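Take a look at the structure set out below.
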Amino acid sequence: ILNVEQSPQSLHVQEGDSTNFTCSFPSSNFYALHWYRWETAKSPEALFVMTLNGDEKKKGRISATLNTKEGYSYLYIKGSQPEDSATYLCARDHNDYKLSFGAGTTVTVRA
Amino acid sequence: DTEVTQTPKHLVMGMTNKKSLKCEQHMGHRAMYWYKQKAKKPPELMFVYSYEKLSINESVPSRFSPECPNSSLLNLHLHALQPEDSALYLCASSPTGSEKLFFGSGTQLSVL
């Protein structure tokens with residue numbers, strides 16, 4: 001299993017501001033990348049599964065981009081709201097039931 | 001029903017106890033997973049069941065014993081655990097492999 005790195009580990013953002021953070025992964029033999037949102041005391045929830053280089057996916061105010069050649073993905077939150085406060089996990093899919101997760105970026109939105 | 005239900009939510013056990021964690025889904029998913037997560041660390045895969053058969057064991061110590069009685073249920077039997085086994089245990093399912101996972105909310109386990 002190869003290492004997936006997420007940065008920063010945590011960030012604070014003012015309500016209404018936009019923010020973004022990074023998931024880095026080894027680019028060789030890429031299959032797919034997953035993003036999950038994990039609110040406190042809840043279950044991790046899938047946001048996106050991305051497979052194609054240059055792909056961009058959007059769900060409401062949250063979007064993600066993927067660069068498989070250089071091995072990174074960005075997740076963007078536009079106009080952050082308190083309900084966006086969560087830990088965001090990315091995971092590299094090895095196409096064999098195995099996901100390599102990063103440690104997550106914890107976002108706190110201040111009102 | 002798009003939920004994965006895990007019980008119990010919290011468990012405290014001694015090193016000589018035997019306990020079981022339970023996981024249930026009714027989405028018809030054929031792959032089910034156990035993950036272990038320590039605070040501030042990535043979730044780590046422990047076991048995968050595919051079509052009710054154990055397909056992946058990530059070199060997990062034998063004091064953890066998985067069981068898949070049917071396509072909707074997944075158990076994790078615990079025996080003679082160590083304090084370092086204290087962690088959040090997450091169950092997940094997917095329609096097959098390499099699709100998004102549906103997670104339960106986890107069992108927070110403390111071994112005394």
Side-chain angles (χ1 to χ4, degrees), chain A residues 1-11 22-26 29-52 55 57 59 62 64 66 73 86-108, chain B residues 1-7 9-10 23-25 27 29-60 66 68 74 87-108:
Chain A
I1 300 291
L2 305 174
N3 289 335
V4 175
E5 305 287 340
Q6 290 189 248
S7 63
Q9 182 177 3
S10 64
L11 62 89
T22 308
C23 173
S24 301
F25 51 87
N29 300 316
F30 178 83
Y31 180 75
L33 188 84
H34 298 221
W35 280 101
Y36 293 85
R37 174 171 58 198
W38 193 358
E39 296 178 62
T40 302
K42 295 189 177 181
S43 310
E45 174 194 8
L47 289 172
F48 309 113
V49 179
M50 309 177 78
T51 57
L52 299 176
D55 202 5
K57 289 191 182 277
K59 183 176 183 178
I62 299 177
L66 179 66
S73 176
T87 295
Y88 292 82
L89 294 170
C90 68
R92 186 182 174 191
D93 189 333
H94 298 266
N95 191 28
D96 57 1
Y97 296 94
K98 294 184 182 181
L99 295 183
S100 298
F101 279 89
T105 293
T106 299
V107 175
T108 304
Chain B
D1 183 2
T2 58
E3 281 192 353
V4 175
T5 303
Q6 285 189 247
T7 56
K9 292 192 182 301
H10 302 275
C23 176
E24 190 168 3
Q25 57 87 17
M27 294 177 278
H29 290 175
R30 304 317 299 265
M32 296 188 76
Y33 310 75
W34 282 114
Y35 280 86
K36 172 183 177 180
Q37 191 199 25
K38 294 254 188 182
K40 305 294 186 185
K41 299 290 186 183
E44 295 177 348
L45 182 64
M46 299 175 71
F47 302 104
V48 180
Y49 274 83
S50 175
Y51 292 87
E52 301 165 49
K53 292 185 178 179
L54 182 64
S55 60
I56 294 176
N57 176 342
E58 290 286 86
S59 302
V60 179
C68 188
L74 186 66
L88 180 70
Y89 289 83
L90 287 164
C91 174
S93 69
S94 64
T96 55
S98 295
E99 299 177 71
K100 67 179 181 181
L101 299 185
F102 291 74
F103 282 92
S105 56
T107 294
Q108 187 66 54

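Letters go in sequence order (proteins before strands), and every chain restarts at 1. In this text, all values refer to a predicted model and were calculated from it rather than measured experimentally.
- Summarising the geometry of A:Phe101 relative to B:Pro42, their closest heavy-atom pair is O-CB, 3.2 Å, with the distance given to 0.1 Å.
- Contacts between B:Thr96 and chain A at a heavy-atom distance below 4.5 Å involve the backbone alone (N, CA, C, O).
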| task | Please test B:Ser50 against A:Tyr97 for side-chain hydrogen bond (donor to acceptor under 3.5 Å, both in side chains), starting from the C-alpha separation and ending with a verdict. | result | CA-CA 9 Å; B:Ser50 175; A:Tyr97 296 94; 2.9 Å; yes
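- In terms of heavy atoms, A:Ser43 sits closest to B:Gly104 at OG-C, 3.2 Å.
- Annotation: B:Lys38, atom NZ; neighbour count of heavy atoms from other residues, nucleotides and ligands within 6.0 Å is above 12.
- The contact between A:Gln9 and chain B is made entirely by side chain atoms (from C-beta outward), counting heavy-atom distances below 4.5 Å.
- Note that OH of B:Tyr35 and CG of A:Leu99 are 4.0 Å apart. Values are rounded to the nearest 0.5 Å.
- With a threshold of 4.5 angstrom between heavy atoms, B:Gln37 approaches chain A through side-chain atoms but not through N, CA, C or O.
- With rounding to the nearest 0.5 Å, the separation of CD in B:Glu58 from NZ in A:Lys98 is 4.0 Å.
- Residues B:Phe103 and A:Trp38 form no side-chain contact, since every pair of their non-hydrogen atoms from C-beta on lies 4.5 Å or further apart.
- Considering every non-hydrogen atom in both A:His34 and B:Lys100, the closest pair reads CE1-CA, 3.9 Å.
- Pairing each heavy atom of B:Leu101 with each of A:Ala46, the nearest pair is O-CB, 4.2 Å.
- Looking at B:Phe102, there are no atoms closer than 4.5 Å to chain A (heavy atoms on both sides), in backbone or side chain.
- Chain B forms more heavy-atom pairs under 4.5 Å with one residue of A:Leu89, A:Val49, A:Leu47, A:Asp93 than with any other, namely A:Asp93.
- At a 4.5 Å heavy-atom cutoff, the contact between A:Tyr36 and chain B is made by side-chain atoms alone.
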